[in-house]
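Treat the numbers as computed from the prediction; the structure is a model and nothing was measured. Convention: sequence-line order gives letters A, B, ...; per-chain numbering from 1.
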There are 2 protein chains.
Amino acid sequence: MTMLETMATVDQKKSEMGDAVLADRLREVGLRPTRQRMALVDILLSQGNRHMTAESLYSEATSQGAKVSLATVYNALHTFTAKGLLREISIDSTQSYFDTNTKEHHHFYFEKSGKLEDIEPNHVKLSRVPNAPDGMSISRVDVVIRVDG
Amino acid sequence: MTMLETMATVDQKKSEMGDAVLADRLREVGLRPTRQRMALVDILLSQGNRHMTAESLYSEATSQGAKVSLATVYNALHTFTAKGLLREISIDSTQSYFDTNTKEHHHFYFEKSGKLEDIEPNHVKLSRVPNAPDGMSISRVDVVIRVDG
DNA sequence: CCATAAGATTAGAATAATTCTAGACTGCTT
DNA sequence: AAGCAGTCTAGAATTATTCTAATCTTATGG
């Protein structure tokens, strides 16, 4: 084993939140804290609010040494979303984005770069919202402000 | 040729707007009024506001006798959008929707059926909108109200 | 502790929407 | 009528995502 290989193996970033906290977060929503979920949830929840795609999460995870398959990343993103740990955003019909901020808020979408940015909740106000038709109810209101260069 | 085949061949709906009007609409934006564009633009613009996908436009066109390929439908949807005849809406990461209403307005999205419905412009009011960052400008503000059953 | 079952992971195949390619065709100008 | 730029098209290619079925792991109960 070369020096570089040794370092790469050892260089797995330790969670800033503490593994116990992350494991509990998973157990709270009824999910087993497996090795790969821990790695993913650490990336997703140990830093500020983020907007990730399956690809971006997968490459970040593998590049810091986690051994996880792309299929698992998709599985995890969907189960985390179902359990309320993430929120899915449809902005670009070519890719799904997942937002680690599950509180009510809105977005800037930079058309050129494809990046998303949170808008402070108090910077957007909807003073008038229609009622949902007949027996239906509003599950969510999304405001996307598209900006170009 | 059977009676049914004859009827199907003859049964090509004539434009409610008049072909000349549609052809001019295309010429105005710098597009040649070809046979297939005429058929598509007729479906898109001769009725009220609609929300179409490539598939739905393709099947409507072919079912009323127009001879168009799916590739052409995609081409047309994109060029029409670029020329301002349509507006693309990203709501569902699995499919793109194209809206024949290019005026400022917003949408209900029915999660169960995948259908879109316009919201009267005066039924939504944004009383507060943030400024675009630095040298950027806002190109569009989209409000999507998701409703379930 | 260890067997075990329910829950997870995975490689690779499969699917679905969309885009690309390159050759054939057609509307418009001269 | 001829020619060219602009269009159309079948089919291959691409991309994101989902599925499959076999292999592992985690939490549990004895």
Aromatic centroids of A:His107 and A:His51 separated by under 6.0 Å: yes

Donor-acceptor pair between [X] and [Y] side chains, under 3.5 angstrom:
X: B:Glu88; Y: B:Ser96; result: yes
X: A:Asp99; Y: A:Asn49; result: no
X: A:Asn131; Y: B:His123; result: no

Closest-nucleotide 5' rank along DNA chain C - winner of B:Ser96 and B:Arg32: B:Ser96

B:Gln95 vs B:Pro33, nearer the 5' end of DNA chain C by closest nucleotide: B:Gln95

Start and end of chain A contact along DNA chain C [non-hydrogen atoms, under 4.0 Å]: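 It runs C:dA6 to C:dA11.
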
Contacts of B:Arg146 that satisfy salt bridge (Lys or Arg N to Asp or Glu O under 4.0 Å) - sequence neighbours left out: A:Asp142

DNA chain D: 5'-most and 3'-most nucleotides touching chain B, 4.0 angstrom heavy-atom criterion: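 Under 4.0 Å from chain B, the extent on DNA chain D is D:dA5 to D:dA10.
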
Using a 4.0 Å heavy-atom cut-off across all strands, classify [X] as base, sugar-phosphate, or nothing.
X: A:Ser93; value: nothing
X: A:Thr94; value: sugar-phosphate
X: A:Thr53; value: nothing
X: A:Thr34; value: sugar-phosphate

Criterion side-chain contact (heavy atoms from CB on, under 4.5 Å) on A:Leu22 and A:Ser46, from CA distance to verdict: CA-CA 9 Å; A:Leu22 292 174; A:Ser46 290; 4.0 Å; yes

NZ/NE/NH1/NH2 to OD/OE distance under 4.0 Å, A:Arg50 and A:Glu60: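 Answer for the salt bridge query: yes.
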
Separation of B:Leu77 CG from B:Tyr97 OH (nearest 0.5 Å):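 If I round to the nearest 0.5 Å, the distance is 13.5 Å.
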
